[in-house]
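Single-structure report; data block below.
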Amino acid sequence: MRQDFVKWFLHPGDVSQTTYRALMEKAMVLVSDKSKKMVQPFSGTSREKIHSNVKEILSISEGAQDIDKVMDEIHKGIVNDSLWISHPSSMAHLHCPPLLPSLAAEVLLNALNQSMDSWDQSPAATYVEAELIKFFTKKIGYTSDGDGTFTAGGTQSNYMGMLLARNKACNTYFSVCVQKEGLPAEARKLRILCSEHAHFTVQKSASQLGLGSDAVVKVETNHKRQLCIENAKKKIRQLREQGLIPFMVVATAGTTDFGSIDPLKELAKLSNEEQLWLHVDAAYGGALLFSHQYSHLVSGLCLADSITIDFHKLYYQTISCGAFFVKNKADFLQIAFHADYLNPEQDQEKGIINLVEKSVQTTKRFDALKLLMTFKLVGTELFGEMVDYTIDLAKKTADMLKEDPFFEVLNDPELNAVIFRYRPLICRNQNNADEINQEIQRYFYQSGELIMAKTKENGKVFLKFTMLNPLNTIENTRMHIERIRQAGEKFEKSQGEIQNECSVYNESSYCTESN
């Protein structure tokens with residue numbers, strides 16, 4: 001055995017153990033020190049400077065480099081200018097602060113490096129995932145026929161729901177097994193309904209599945225940005241009158257911007273009456289299953305044919321970690337394939353579980369370990385309290401914004417997202433409100449002290465707090481709101497001065513031309 005190899009692989013030898021401990025210790029110290037010194041979520045370094053810093057550390061030599069030197073470069077070139085998502089003032093996207101048990105589990109699952117496609121590559125891990133799936137199907141309210149699989153996240157899970165629904169529709173309406181025969185020409189008649197606030201992966205999946213993004217029909221929403229049942233009925237009727245075939249409804253339990261939850265029970269009733277596959281994208285809102293105050297909002301999940309849940313959102317897991325669930329495990333047969341070198345059919349006869357038969361992935365991470373360690377160490381009781389705290393905080397923040405005449409609030413939070421914008425009052429100039437709000441978002445990101453998102457609604461620019469972090473406080477948000485108001489006033493005055501100068505210039509030019 002070559003001794004220079006031994007140092008870089010996990011091995012019982014002293015050299016391997018010394019290297020492993022040194023790397024783990026240095027990585028841990030780096031993160032711990034950074035956490036202690038992180039007074040704001042971002043350094044504020046410019047894009048150009050970050051790019052330059054990264055390029056400087058990308059010198060890859062033929063020979064090994066010193067560990068201390070490499071870790072110092074990683075620190076200065078990457079860690080220093082990364083978004084510190086665990087800071088309470090990082091409130092832009094559905095990008096959660098990971099819980100410590102999840103961080104610890106990452107160390108274990110990376111070292112074990114189990115491949116979750118076949119049992120012989122993940123003997124214990126296979127059963128961990130299988131049992132956790134059972135735990136969740138029971139929590140959802142599915143019978144023993146329910147099943148699921150861990151995924152890389154909501155995009156993959158939504159894709160799987162639409163894939164199974166498409167294959168079933170082609171078998172039902174055209175007597176075609178897409179798995180063997182491919183898509184029939186008549187498939188161009190298939191249509192999917194979703195709300196106008198549904199995730200963009202509905203269109204993306206439709207295009208990847210050969211149906212085209214035009215197959216997605218947007219349904220109007222009510223004042224709470226929830227899918228309107230009456231409009232859905234109207235759209236279904238119109239589609240059928242046109243000779244088209246609606247076969248699926250994608251509901252959302254937690255829209256990306258507003259956190260809105262579609263009326264799941266009413267949609268389940270409609271789907272049953274119209275013989276449509278109901279998929280619920282609960283990537284965001286799926287954590288309400290453990291809420292003490294708001295679980296009733298997702299009580300209709302058990303009526304869905306398939307469900308998306310992301311654990312790297314409101315379950316506080318490291319990226320990536322999600323799951324896809326089905327009411328009827330037989331639906332997975334539509335995507336099952338067998339390979340003699342991986343999951344031979346004889347394994348099923350022996351009761352051997354090969355998870356590849358339920359997934360569009362082959363090699364897959366042992367992400368279930370993160371969730372297992374989290375629930376065992378934190379407990380579902382405290383976890384539910386964390387979820388409830390962030391929702392209550394979002395509601396209080398929205399109320400605080402509503403009381404301030406300088407702000408317009410667009411939603412009453414169902415989850416923990418607050419959509420608002422600065423409203424110019426000094427000069428009563430609403431024409432520049434969009435520009436001012438864009439400037440506010442850019443200003444705070446560049447300062448590094450507050451990371452918030454911007455979005456559009458009815459053509460207007462709004463700001464967004466996605467308040468996932470249970471370490472956030474109402475005092476913290478009150479401080480941010482005051483600073484946002486001050487920045488808005490500053491930008492408003494600045495724009496007013498520019499406009500006055502332009503007005504004077506234009507009048508002067510007019511007078512000169514007239515003379």
Side-chain angles (χ1 to χ4, degrees), residues 113-134 136-137 142 144-187 190 192 201 204-211 215 247-248 277 279 304-309 320-368:
N113 204 33
Q114 305 293 278
S115 184
M116 303 297 292
D117 41 343
S118 61
W119 178 85
D120 60 351
Q121 298 181 82
S122 51
T126 293
Y127 294 121
V128 173
E129 176 168 329
E131 291 303 316
L132 265 180
I133 289 295
K134 288 181 182 177
F136 268 92
T137 54
Y142 280 160
S144 58
D145 288 332
D147 202 354
T149 182
F150 272 70
T151 69
T155 296
Q156 183 183 333
S157 297
N158 285 343
Y159 174 88
M160 289 187 70
M162 295 174 67
L163 170 66
L164 296 183
R166 181 205 67 178
N167 286 3
K168 188 170 184 178
C170 286
N171 188 28
T172 300
Y173 293 107
F174 316 126
S175 300
V176 170
C177 176
V178 176
Q179 198 173 12
K180 293 182 179 180
E181 304 171 60
L183 277 177
E186 298 93 333
L190 296 174
I192 302 154
T201 50
K204 184 176 181 179
S205 296
S207 66
Q208 293 173 344
L209 290 167
L211 302 178
F247 74 100
M248 182 181 197
W277 181 290
H279 175 75
D305 295 291
S306 58
I307 303 167
T308 287
I309 294 180
S320 61
C321 192
F324 170 71
F325 301 93
V326 290
K327 184 191 294 185
N328 188 346
K329 65 182 68 176
D331 287 319
F332 277 129
L333 295 175
Q334 298 181 61
I335 59 171
F337 279 90
H338 294 276
D340 290 337
Y341 55 82
L342 190 65
N343 61 326
E345 294 188 39
Q346 298 94 305
D347 280 3
Q348 288 185 335
E349 298 170 6
K350 298 175 183 178
I352 297 174
I353 300 172
N354 294 308
L355 297 177
V356 70
E357 292 162 17
K358 300 188 293 182
S359 178
V360 295
Q361 292 176 273
T362 302
T363 304
K364 191 175 69 168
R365 284 165 49 90
F366 182 23
D367 287 317

Ring pair (Phe, Tyr, Trp, His ring centres under 6.0 Å) pairs touching residues 339-358, sequence neighbours excluded, are none
Going by the ring pair (Phe, Tyr, Trp, His ring centres under 6.0 Å) test, which pairs reach into residues 144-170, not counting sequence neighbours? F150-F311
Under the side-chain hydrogen bond (donor to acceptor under 3.5 Å, both in side chains) test, residues paired with [X] that sit two or more places apart:
| X | result |
| --- | --- |
| S122 | T126 |
| S207 | none |
| S157 | T151 |
| K364 | E129, T149 |

Where is the tightest heavy-atom contact between [X] and [Y], given as atom of each residue plus distance?
| X | Y | value |
| --- | --- | --- |
| L355 | M116 | CB-O, 3.3 Å |
| C170 | L183 | SG-CD2, 3.9 Å |
| L190 | A215 | O-CB, 3.5 Å |
| I353 | A130 | CD1-CB, 4.5 Å |
| G154 | T308 | CA-CG2, 3.8 Å |

Quick one: which residue pairs count as a side-chain hydrogen bond (donor to acceptor under 3.5 Å, both in side chains) with a foot in residues 353-362, not counting sequence neighbours? D147-K358, Q156-Q361, N343-E357, D347-N354, Q348-E357
Apply side-chain contact (heavy atoms from CB on, under 4.5 Å) to [X] and list each qualifying residue two or more places apart in sequence or on a separate chain.
| X | answer |
| --- | --- |
| E131 | K134 |
| A304 | Y142, L278, V280, I307 |
| N167 | L163, V178, Q334 |
| N171 | none |

Could you walk me through whether M162 and M248 pass the side chain to side chain contact (heavy atoms under 4.5 Å, CB included) check? CA-CA 8 Å; M162 295 174 67; M248 182 181 197; 3.6 Å; yes
If we ignore angles and hydrogens, is there a donor and acceptor under 3.5 Å between the side chains of N158 and T201? yes
Strictly distance-based, threshold 3.5 Å: is any side-chain N or O of Q121 a donor or acceptor partner for the main-chain N or O of L342? no
With K329 via salt bridge (charged side-chain N to carboxylate O under 4.0 Å, His left out) - residues at least two apart: none
